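Only a predicted model underlies this, so the values are computations on that prediction, with no experimental measurement involved.
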Amino acid sequence: MTLVEFEREVVAYLLNYSKQYAITPASLAACSVTGYEYTGSGYFIEFTKSDLLLEDKTWHEPVVFGRNEDVEVGFLLYTYDNSITLECHSWGEADVPVNIREMSLDVTLQ
């Protein structure tokens, strides 16, 4: 399992916002996914990037949305012990579909 395009875009937005890191979505293509959990209202995907040392932090700025005609979601990023976890959660009334990672999402910032 690898990160899909919208996940790489979201991670790059969140890490680059602080100006501490210069990450491109393409540089995240080779990340090693180490865990995935679907919760019904979203999912968590855990991965590592061995050449990136990150502080332990919850990354929530800027507010990042993913949207298509069927779903609206938000994202948070957690970094700890050189592991990275992306949370995708429902931003509307509808639950996040189990196949969301197969969908195309427009990623925008607020």
- Query: Nearest heavy-atom pair of Val107 and Phe6: which atoms, and what distance?
  - Reply: CG2-CB, 3.9 Å

- For residues Leu105 and Ile100, report the shortest heavy-atom separation together with the two atoms involved.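 Nearest pair, atom of Leu105 first, then Ile100: CD1-CD1, 4.1 Å.
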
- Message: Tell me every residue that passes side-chain hydrogen bond (donor to acceptor under 3.5 Å, both in side chains) with Trp91, counting only those two or more places apart in sequence or in another chain.
- Response: none

- Message: Tell me every residue that passes side-chain contact (heavy atoms from CB on, under 4.5 Å) with Thr79, counting only those two or more places apart in sequence or in another chain.
- Response: Leu54, Lys57, Trp59, Ile84

- Task: Name all residues meeting the side-chain contact (heavy atoms from CB on, under 4.5 Å) criterion together with Asn99; count only those two or more places apart in sequence or in a different chain, and write none if there are none.
- Result: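 Partners of Asn99 under the side-chain contact (heavy atoms from CB on, under 4.5 Å) test: Pro97, Glu102, Met103.
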
- Item | From CG (Leu14) to CG (Leu109), nearest 0.5 Å |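 These two atoms lie 8.5 Å from each other.
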
- Item | Partner set under ring-ring contact (aromatic ring centres under 6.0 Å, His included) for Tyr78, not counting sequence neighbours | none

Show which side-chain atoms of residues 40-48 pair as donor or acceptor with protein atoms under 3.5 Å away, not counting sequence neighbours.
from  : atom 1 : to    : atom 2 : distance (Å)
Tyr43 : OH     : Glu7  : OE2    : 2.6
Glu46 : OE2    : Ser83 : OG     : 2.7

- Has the side chain of Arg8 got a donor or acceptor atom that lies under 3.5 Å from a matching backbone atom of Leu3? yes

N/O donor-acceptor pairs under 3.5 Å from side chains in residues 60-76, not counting sequence neighbours:
from  : atom 1 : to     : atom 2 : distance (Å)
Arg67 : NE     : Glu72  : OE2    : 2.5
Arg67 : NH1    : Thr108 : OG1    : 2.9
Arg67 : NH2    : Glu72  : OE2    : 3.0
Asn68 : OD1    : Asp70  : N      : 2.7
Asn68 : OD1    : Val71  : N      : 3.0
Asn68 : ND2    : Ser104 : O      : 3.3

- Query: Linking I/L/V/M/F/W/Y whenever their side-chain heavy atoms sit closer than 4.5 Å, directly or via other members, would Leu15 and Tyr80 fall into one cluster?
  - Reply: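 Different clusters: Leu15 never reaches Tyr80 through Ile, Leu, Val, Met, Phe, Trp or Tyr contacts under 4.5 Å.
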
- With the 4.5 Å side-chain cut-off for hydrophobic clustering, are Tyr17 and Leu86 part of the same group? no

- Message: If you define the side chain from C-beta out and look only at heavy atoms, does anything of Leu77 sit under 4.5 Å from Thr85?
- Response: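 Leu77 does not reach Thr85 side chain to side chain.
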
- Message: Please determine whether the number of non-hydrogen atoms from other residues, nucleotides or ligands lying under 6.0 Å from atom CD of Glu55 exceeds 12.
- Response: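 Yes, because the 6.0 Å sphere around CD of Glu55 holds more than 12 heavy atoms from other groups.
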
